[in-house]
2 protein chains.
Amino acid sequence: MATIYDVARAAGVAPSTVSRHINGHSVRQSEAIERAIGTLGFRASASARNLRKGNTQVIAMIVPDIQNPYYAATVAGAEEIGRQNGLRMVLCNTDEDIDLEDDVLRDIAGRVDGAILVPASERSSTSLFDAPNAIPLVLMDRETLGKRRFDTVTIENHRGGVLAAQHLLDLGHRDVAIITGPVTASQSRARETGFLEVFANADIQVPDRFIVRGDFREAGGYQAALDILSARRRPSALFVVNNMMSMGALRAINDLRLRLPHDLSLVCFDQLPCEGVISPRLTTIRRPMEEQGAMAMRLMLTRLRAEADDDRDHEPRTLTLPVELVLGASTARAGQGAAPVTLVEDDR
Amino acid sequence: MATIYDVARAAGVAPSTVSRHINGHSVRQSEAIERAIGTLGFRASASARNLRKGNTQVIAMIVPDIQNPYYAATVAGAEEIGRQNGLRMVLCNTDEDIDLEDDVLRDIAGRVDGAILVPASERSSTSLFDAPNAIPLVLMDRETLGKRRFDTVTIENHRGGVLAAQHLLDLGHRDVAIITGPVTASQSRARETGFLEVFANADIQVPDRFIVRGDFREAGGYQAALDILSARRRPSALFVVNNMMSMGALRAINDLRLRLPHDLSLVCFDQLPCEGVISPRLTTIRRPMEEQGAMAMRLMLTRLRAEADDDRDHEPRTLTLPVELVLGASTARAGQGAAPVTLVEDDR
DNA sequence: AAAACGTGGCAACCATCTATGACGTCGCAC
DNA sequence: GTGCGACGTCATAGATGGTTGCCACGTTTT
C-alpha cells in the first residue's frame with residue numbers, strides 16, 4: 001500500500017502538505033497531489049490516522065438478534081443519521097448471550113468512537129464504559145442495572161401494556177394470558193406490569209399459568225403459546241410482548257387450528273416480519289422503530305460533541321418514544337367471535 | 001487510557017516485557033504484570049497494534065439488506081466460524097445501493113483484514129481489491145464482472161430455477177409467470193434462465209409480460225405480482241426468485257383475494273421471514289443458508305493463511321452449494337383448482 | 001514599511017511491536 | 001572450576017503511517 005510519503009515524493013511536496021490537502025486545507029499543489037494519489041491508488045491508513053487523532057469516526061451498534069426486523073429497522077434509522085454526520089456504523093450481534101456480548105464490547109471498545117447497545121439483559125456489564133475516559137455508550141430499548149447512568153432511548157413500555165390490556169378489557173375479555181420476556185429484561189417487564197395492572201384494577205387476577213416467560217425468540221413464543229392454548233380452559237385473549245414470540249405464537253395458533261379472532265383474540269407488540277401476509281391483520285402495539293435508532297444516534301452525536309468540547313457535566317438523557325395501538329382484525333369482542341378471515345383454505 | 005508503559009512501570013518491568021507477555025511469550029513476572037493490567041484496566045490500543053502489526057483480526061461482512069433473514073442467517077454462519085478462529089466480524093449494510101456500497105468498501109478497506117461481500121450488483125466495483133496487496137475479498141451469492149476472480153461461494157441457482165419449473169411442469173402448468181431480479185443480478189438471472197429453459201424444452205414460451213423484474217424487495221414483489229395477477233388471463237402458476245419479493249407477492253395475492261393453491265400455484269426461493277405462520281405451507285427452493293456464510297468465512301480463512309504463508313499462487317476457489325425443492329401446499333395440479341380466467345371480484 | 005496571511009518543511013508525537021546486543025542465571029558436560 | 005548453551009530480561013532504537021505545532025518564507029494587504 002502506498003503511503004503518504006510515496007505520494008509526497010511523487011507530487012514533489014512534503015508529506016505534511018499531502019496530509020493537509022487530504023484534510024481539507026487549501027494547498028497550492030493540490031492538482032499534483034491529486035494526480036499522485038490517483039496513480040498510486042493511495043488510501044490513508046485508518047490505523048495510523050486513528051492512532052494519531054485518537055478517534056475512528058465509527059460507531060458500533062450492538063444488538064441481541066440481527067434477525068429481528070425491529071432491530072434491523074432501528075439500525076437503518078441510526079445508520080441514516082450517522083451517515084448524515086460523517087459517521088460510519090458497524091453492527092455486531094450478541095445472540096441474546098451476555099457472555100458473547102461482554103466479549104464483543106471488550107473487543108470493540110478500542111476500535112470505535114462510541115457504542116449503541118441493546119443490552120442482552122439488565123445484568124449486562126457496562127462497567128467498561130464507567131471510566132471517565134471511556135468511549136460513550138448509548139442504551140437502546142432496554143436498561144441496565146449498573147450504577148452509572150447512560151444516555152438512553154426507550155419507549156413507553158408500560159403504556160404499551162396498558163393499551164393492550166385496556167383494549168382487551170373494553171372488548172369484554174376477562175380470561176387473558178400474556179407471553180412475556182425473561183424477568184431480567186426491563187422492557188418486557190414494564191409491558192407486563194402495565195398489562196397486569198389494568199386487569200388488577202378491574203379486579204381481574206391473571207392466573208400464573210397464563211403468565212408465561214419466553215426468550216424473545218420464535219421458538220420460545222411457540223412453546224409458550226402451546227402451553228397456554230393447550231390448557232383445558234383456554235383464555236379468550238392473548239398478549240405477546242414482542243414480535244418474534246408473536247410469530248411463534250401464530251404458528252402455535254395455526255397448528256392448533258385456532259382461528260383469529262373467532263377462537264382467540266391476539267395483541268402483539270411491534271410489527272412482525274411478515275405484516276401484510278398474515279390474515280387477519282393483527283392488532284399490535286407499535287412504536288417508531290427507525291426513529292428510535294435515529295434518536296440513539298442523535299444522542300450519541302450530542303454526547304460526542306460534548307466530549308469534544310470537554311463538557312464533562314453533560315447529563316445523560318433518557319428519551320421515551322410513544323407507542324400506539326393499531327387496530328387489526330385479530331381482536332374481537334369476547335364470546336362473539338367475528339367471522340374469521342383466513343388467507344386461504346388450509347387443505348392439508 | 002493506560003498504556004503499556006504505565007503497566008510496565010506499575011509491574012516494575014520493561015514495556016517490551018509487558019508486550020511479550022501480552023503476546024503469549026512466557027515471562028517470569030507474569031503475575032505482577034497481570035496484576036498491574038488488572039488494577040489499571042489496561043487494554044492495548046487497537047490502533048497502535050493494528051498499525052504496527054498490519055492486521056486487525058476483524059472481517060467485514062457487507063450485505064445489501066440486513067432486514068432480509070437470508071442474509072441474517074448467512075451472517076450467523078460466518079460469525080460462528082470466525083469466532084472459532086479468533087476473528088471478530090462486523091456487519092455493514094448497503095441497501096442494495098451500489099454507490100453506498102462503494103463508499104462502505106472504500107471506508108472499511110483499511111479497517112479490516114478481509115471482506116465478505118454480497119455485491120449489490122454485478123457491476124459492483126471490486127477494483128479496490130484488485131491490487132496484489134489489497135485485503136482479501138470473498139464474494140457471496142452473487143458474482144461481479146471484474147476481470148479479477150475472487151473466492152466465491154454461490155449456490156446452484158440455475159438448478160433452483162430448473163427444479164421450480166420441473167415441479168410446475170409435472171403438475172401440468174403451462175401458463176406460468178416469474179418474478180425475477182434486475183438483469184444485473186447474476187443469481188436471479190441464473191434462476192430465471194433455468195426456469196425458462198425447462199419450459200422452452202417443453203415447447204412452452206413464457207410470454208414477456210409474465211417475466212417481471214423486481215428489486216428483491218417486498219414492495220417490488222408486490223407490484224410485480226399485482227401486474228401479473230391483474231391481467232385478464234392470469235397464469236396458473238408463479239415462481240418468485242427471492243424471499244422478500246415472495247412476501248410482496250403473497251400480500252398481492254391476499255389483496256386480490258386469490259387462494260393458494262386453488263387459484264394459483266406458487267413457488268418461492270428461500271425461506272420467508274414468516275415460515276410457519278403462512279398457510280398453506282409454501283413450496284420453496286431451499287439452500288443451506290448458515291452453511292453458505294460459514295463457507296464464505298472458511299474461504300476467507302484459507303485465503304488469509306495463504307497470504308500469511310506468502311503463497312501467492314493460491315487460486316481463487318468457487319464453491320457451489322446445493323439447493324433442494326421443499327414441497328408445500330402452495331402448489332397443486334393445474335386446472336384442478338379450476339383456475340378462473342377472470343378476476344375474483346374485490347368486494348371491499 | 002509593517003502587518004497579515006497562505007504555504008511548506010521539520011520534527012515531534014500517537015501506542016505498540018520487535019530486532020539487537022548485552023547481561024545474568026542456571027544446568028550440564030567436560 | 002571452566003566452558004557452553006538455553007533462557008529470560010533489559011534498554012535502546014527503529015519502525016508502523018499519519019497529523020500537527022512551530023517556524024520560516026514569500027506574497028499580499030493596509
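Labels below follow one simple rule: chain letters A, B, ... track the order of the sequence lines, proteins then strands, and each chain is numbered from 1. As the structure is a prediction and not an experimental result, all values here were calculated from the model.
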Under 3.5 Å, sequence neighbours excluded: what are the donor-acceptor pairs made by side chains of residues 47-55 of chain A?
residue: Asn50(A); atom: ND2; partner: Ala46(A); partner atom: O; Å: 3.1

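Annotation: Arg148(B), atom CZ; neighbour count of heavy atoms from other residues, nucleotides and ligands within 6.0 Å is above 12.
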Next item on the list: Report, as a single string ordered 5' to 3', how protein heavy atoms within less than 4.0 Å touch nucleotides 15-21 of chain D: B base, S sugar-phosphate only, - not at all.
Entry: BBBBBBB
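The interatomic distance linking Asp6(B) (CG) with dA15(C) (C1') rounds to 11 Å, in whole Å. Atoms NE2 (His21(A)) and C1' (dG6(C)) sit 16 Å apart, rounded to a whole Å. The distance between atom CD of Gln29(B) and atom P of dG8(D), rounded to the nearest whole Å, is 13 Å.
With respect to the salt-bridge test (charged N to carboxylate O, under 4.0 angstrom), the residues Glu291(A) and Arg298(A) qualify. Between Arg142(B) and Glu96(B), at least one side-chain N (NZ, or NE/NH1/NH2) sits under 4.0 Å from a carboxylate O, which counts as a salt bridge.
Side chains of Asp141(A) and Gln292(A) form a contact here, defined as non-hydrogen atoms less than 4.5 Å apart.
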